[in-house]
S.K.: 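Sharing a structure below in structure tokens format, with a few things to ask.
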Amino acid sequence: MRCYVNIPHPTSGTISSASFHPQQFQYTLDNNVLTLEQRKFYEENGFLVIKNLVPDADIQRFRNEFEKICRKEVKPLGLTVMRDVTISKSEYAPSEKMITKVQDFQEDKELFRYCTLPEILKYVECFTGPNIMAMHTMLINKPPDSGNCKKTSRHPLHQDLHYFPFRPSDLIVCAWTAMEHIDRNNGCLVVLPGTHKGSLKPHDYPKWEGGVNKMFHGIQDYEDNNTRVHLVMEKGDTVFFHPLLIHGSGQNKTQGFRKAISCHFASADCHYIDVKGTSQENIEKEVVGIAHKFYGAENSVDLKDIWMFRARLVKGERTNL
Ligand SMILES: CCCCCCCCCC(=O)SCCNC(=O)CCNC(=O)[C@H](O)C(C)(C)COP(=O)(O)OP(=O)(O)OC[C@H]1O[C@@H](n2cnc3c(N)ncnc32)[C@H](O)[C@@H]1OP(=O)(O)O
Ligand SMILES: Nc1ncnc2c1ncn2[C@@H]1O[C@H](COP(=O)(O)OP(=O)(O)OP(=O)(O)O)[C@@H](O)[C@H]1O
Ligand SMILES: O=C(O)CCC(=O)C(=O)O
Ligand SMILES: [Fe+2]
Ligand SMILES: [Mg+2]
């Protein structure tokens with residue numbers, strides 16, 4: 001029992017019901033943003049959906065900028081452009097239809113506005129506290145999966161903490177905003193409520209016949225008896241979720257490219273950890289391997305350097321990260 005334990009008031013001698021604090025929370029901080037009901041929901045489930053949080057006008061700007069990137073009209077520094085695994089060996093010219101996602105848009109003013117929106121940060125602060133770092137940014141353009149039946153658009157069930165060499169996990173939160181109506185047809189987020197109370201599981205590539213995208217690791221042996229919840233969301237709706245929450249996304253059965261924008265935020269007071277000897281070693285090797293390909297193996301970089309380099313302060317003071 002980690003949450004909702006009633007603790008006696010320290011100064012009261014005898015314990016009467018009136019001297020009990022109503023609640024003890026582990027995953028949310030005290031401020032006046034979340035209602036008691038919302039706090040309880042996140043504590044219990046590890047996620048919280050806020051309807052209609054990001055205005056249409058902002059989403060349109062993110063969409064425009066993404067299209068400019070796809071047409072190569074802008075080339076933000078440090079951006080990773082990822083194509084679907086099924087076309088990763090082909091010669092297609094870049095276009096919106098070829099790009100599965102862009103990552104690390106911290107140097108793109110238009111897209112990075114997402115990470116500084118006051119309405120987003122107001123909620124982020126409930127989980128991270130006042131010193132807030134934007135650690136990892138993505139715009140996901142989930143491609144249609146009909147036709148070839150390879151289901152490569154699926155994202156296997158995983159915990160984002162697998163990718164993060166910093167702690168404590170409770171001071172990390174993902175904000176994920178739907179850029180259009182998203183349901184099971186175009187591959188919505190799927191979450192296993194309450195799994196944020198568990199530990200980090202070992203991750204590796206799923207053995208899917210059609211192939212799997214680079215670094216899309218999944219949990220090999222998650223318990224299938226967990227309730228899966230499909231998050232149906234409208235444009236602008238935003239889900240905040242804990243980095244240990246097991247989640248993924250299903251196949252996109254439509255002809256459209258399903259879009260979402262997201263950022264992982266962490267308290268600047270978090271600290272980096274060494275993942276050597278842990279289950280995270282396999283992803284460290286992949287990330288460092290890619291960095292070596294780009295910068296040359298002689299310029300040895302470690303995981304911490306990579307993260308420090310792309311992390312950006314968005315509120316408060318840059319203390320550790
Ligand atoms: C890094 C930490 C991430 C933190 C994430 C937080 C939680 C998020 C959970 C996730 O989203 S997990 C997935 C995270 N994914 C990544 O970080 C992937 C980042 N993508 C990349 O680094 C590049 O897109 C990649 C290196 C895969 C390709 O880069 P380029 O487009 O510059 O290279 P190129 O097209 O020359 O391809 C290089 C090689 O990669 C292969 N490739 C490209 N796209 C691929 C793909 N989608 N799947 C598999 N392989 C792919 C390509 O076939 C080729 O193989 P060979 O070396 O054998 O010729
Ligand atoms: N049999 C399975 N084994 C492992 N992971 C699965 C399996 N089926 C789905 N998943 C993963 O679970 C998540 C969502 O599953 P979901 O059932 O919503 O999608 P889907 O199977 O692609 O589509 P559908 O809506 O037709 O079921 C995705 O991350 C997907 O990769
Ligand atoms: O399909 C999605 O948008 C979710 C992707 C995801 O969970 C991730 O990239 O970590
Ligand atoms: Fe994820
Ligand atoms: Mg299914």
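Counting convention: from 1, in listed order, for ligands and their atoms alike.
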S.K.: So if I count the atoms of ligand 1 from 1 in the order they appear, which ones are less than 4.0 Å from some heavy atom of Asn213?
M.R.: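 Matching atoms, with element in brackets: 46 (C), 47 (N), 48 (N).
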S.K.: Ring pair (Phe, Tyr, Trp, His ring centres under 6.0 Å) with Tyr123: which of Phe47, Phe241, Phe240?
M.R.: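 Answer to the ring pair (Phe, Tyr, Trp, His ring centres under 6.0 Å) test with Tyr123 among Phe47, Phe241, Phe240: Phe240.
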S.K.: Stepwise, does the ring pair (Phe, Tyr, Trp, His ring centres under 6.0 Å) test hold for Trp307 with Phe164?
M.R.: CA-CA 9 Å; Trp307 282 99; Phe164 302 151; 5.5 Å; yes
S.K.: Do the charged groups of Arg61 and Glu110 touch, with an N to O distance under 4.0 Å?
M.R.: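 The answer is yes: the pair qualifies as a salt bridge.
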S.K.: Looking at residues at least two apart in the chain, or sitting in another chain, which of them share a side chain to side chain contact (heavy atoms under 4.5 Å, CB included) with Thr227?
M.R.: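 Counting only residues at least two positions away or on another chain, Thr227 forms no side chain to side chain contact (heavy atoms under 4.5 Å, CB included).
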S.K.: Please compare Gln103, Met138, His264 and report which has the shortest non-hydrogen distance to atom 9 (O) of ligand 3.
M.R.: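 Residue with the shortest heavy-atom distance to the ligand atom: Met138.
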S.K.: Closest approach of His155 and Lys142, non-hydrogen atoms and distance?
M.R.: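 That would be N-NZ, 4.0 Å.
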S.K.: Before accepting this row, confirm whether a basic side-chain N of the pair Lys109/Glu65 lies closer than 4.0 Å to the acidic partner's carboxylate O.
M.R.: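 Judged by the 4.0 Å cut-off on N to carboxylate O distance, Lys109 and Glu65 do not form a salt bridge.
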S.K.: By number and element, which atoms of ligand 1 are closer than 4.0 Å to a non-hydrogen atom of Phe216?
M.R.: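 That gives atoms 13 (C) of ligand 1.
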S.K.: How far apart are the closest heavy atoms of Phe66 and Val102, and which atoms are they?
M.R.: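 So the two residues come closest at CE1-CG1, 3.9 Å.
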S.K.: Do the charged groups of Lys304 and Glu284 touch, with an N to O distance under 4.0 Å?
M.R.: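 So Lys304 does not pair with Glu284 through a salt bridge.
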S.K.: Which option, Glu286, Lys214, Glu284, owns the non-hydrogen atom nearest atom 27 (C) of ligand 1?
M.R.: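 Of the listed residues, Lys214 has the closest heavy atom.
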S.K.: Contact between Leu192 and His247 at the side-chain level, heavy atoms closer than 4.5 Å - yes or no?
M.R.: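 Result no, sub-4.5 Å side-chain heavy-atom pair not found.
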S.K.: May I ask you to list the atoms of ligand 1 that are less than 4.0 angstrom from any heavy atom of Ile290?
M.R.: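 The list of qualifying atoms is 22 (O), 26 (C).
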S.K.: Give the minimum heavy-atom separation between Ala266 and Leu321, together with the two atoms involved.
M.R.: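 Looking at all heavy atoms of both residues, the shortest contact is CB-CD1, 3.8 Å.
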S.K.: Quick one: which of Ser249, Gly250, Cys188 has a heavy atom closest to atom 1 (O) of ligand 3?
M.R.: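 Selected option, by shortest heavy-atom distance: Ser249.
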S.K.: Could you name the option among His162, His247, His136, Arg154 that has the heavy atom nearest to atom 7 (O) of ligand 3?
M.R.: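 Shortest heavy-atom distance from atom 7 (O) of ligand 3: His247.
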S.K.: So which bit of Met215 gets within less than 4.0 Å of ligand 1, heavy atoms only: side chain, backbone, both or neither?
M.R.: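 Under 4.0 Å from ligand 1, Met215 contributes backbone and side-chain atoms.
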S.K.: Could you tell me whether Asp30 and Arg39 make a salt bridge, using a distance below 4.0 angstrom between a side-chain N and a carboxylate O?
M.R.: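 Judged by the 4.0 Å cut-off on N to carboxylate O distance, Asp30 and Arg39 do form a salt bridge.
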S.K.: Using a 4.0 Å cut-off to any heavy atom of Trp176, which atoms of ligand 3 qualify?
M.R.: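 Selected atoms, number and element: 2 (C), 3 (O), 4 (C).
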S.K.: Distance to 0.1 Å, residue and atom name: give those for the protein heavy atom nearest to atom 5 (C) of ligand 3.
M.R.: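 The protein heavy atom lying closest is His155 ND1, 3.5 Å.
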S.K.: How does Arg310 reach ligand 1, by side chain, by backbone, by both or by neither, if only non-hydrogen atoms under 4.0 Å count?
M.R.: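 Within the 4.0 Å criterion, Arg310 contacts ligand 1 through side-chain atoms alone.
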S.K.: List ligand 1 atoms under 4.0 Å from Asp160, heavy atoms only on the residue side.
M.R.: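 Result: 7 (C).
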S.K.: For atom 4 (C) of ligand 3, what's the nearest protein heavy atom and its distance?
M.R.: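 For atom 4 (C) of ligand 3, the nearest protein heavy atom comes out as Leu189 CD2, 3.5 Å.
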S.K.: Give the numbers and elements of all ligand 3 atoms closer than 4.0 Å to a heavy atom of Arg258.
M.R.: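 Heavy-atom distances to Arg258 below 4.0 Å select 1 (O), 2 (C), 3 (O).
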S.K.: I'd like to check which ligand 1 atoms, numbered from 1 as shown, lie under 4.0 Å from a non-hydrogen atom of Phe164.
M.R.: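 Close to Phe164: 6 (C).
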S.K.: At a 4.0 Å cut-off, with the gap strictly under it, does some heavy atom of His217 reach an atom of ligand 1?
M.R.: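 Per 4.0 Å heavy-atom rule, His217 does not contact ligand 1.
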S.K.: Out of the candidates Asp58, Ile120, Asp237, only one should pair with Thr177 under the side chain to side chain contact (heavy atoms under 4.5 Å, CB included) rule; please name it.
M.R.: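 With Thr177 as partner, side chain to side chain contact (heavy atoms under 4.5 Å, CB included) holds for just one option, Ile120.
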S.K.: Suppose we only count N/O/S atoms under 2.8 Å; would Cys174 qualify as near the Fe ion (ligand 4)?
M.R.: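 Short answer: no, not a single N, O or S atom is under the cut-off.
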S.K.: List every atom of ligand 3 that sits less than 4.0 Å from any heavy atom of His158, numbering the atoms from 1 in the order shown and giving each element.
M.R.: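 Checking each atom against His158, I get 6 (C), 7 (O), 8 (C), 10 (O).
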S.K.: Got an N/O contact under 3.5 Å between Arg83 and ligand 1?
M.R.: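 Checking ligand 1 against Arg83, an N or O pair does fall under 3.5 Å apart.
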S.K.: Give yes if a backbone or side-chain nitrogen or oxygen of His264 is under 3.5 Å from a nitrogen or oxygen of ligand 1, and no if not.
M.R.: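 There is no such contact.
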S.K.: With ring centroids as reference points, do Phe25 and Tyr42 lie under 6.0 angstrom apart?
M.R.: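 Here the rings of Tyr42 and Phe25 have centres that are no less than 6.0 Å from each other.
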S.K.: Between the side chains of Lys51 and Glu234, is the shortest nitrogen-to-carboxylate-oxygen separation below 4.0 Å, so that they form an ion pair?
M.R.: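 Salt bridge between Glu234 and Lys51, a charged N being under 4.0 Å from a carboxylate O: no.
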S.K.: Yes or no: does Lys101 have any heavy atom under 4.0 Å from an atom of ligand 1?
M.R.: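 Right, Lys101 reaches ligand 1.
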S.K.: Heavy-atom count around Glu73 CD within 6.0 Å, excluding the residue itself: above 12?
M.R.: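 Yes.
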S.K.: Within less than 2.8 Å of the Fe ion (ligand 4), any N, O or S from His158?
M.R.: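 For His158, the answer is yes, given that an N, O or S atom comes within less than 2.8 Å of the Fe ion (ligand 4).
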S.K.: Looking at Asp160, which of its N, O or S atoms is the nearest one to the Fe ion (ligand 4)?
M.R.: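 It is OD1, the N, O or S atom of Asp160 closest to the Fe ion (ligand 4).
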S.K.: Tell me whether His155 has any N or O atom under 3.5 angstrom from an N or O of ligand 1.
M.R.: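 No.
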S.K.: State the atom name: nearest N, O or S atom of His247 to the Fe ion (ligand 4).
M.R.: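 Closest to the Fe ion (ligand 4) among those atoms: NE2.
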S.K.: Give a yes/no on ligand 1: does Ile306 have at least one heavy atom closer than 4.0 angstrom to it?
M.R.: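 No, Ile306 has no heavy atom closer than 4.0 Å to ligand 1.
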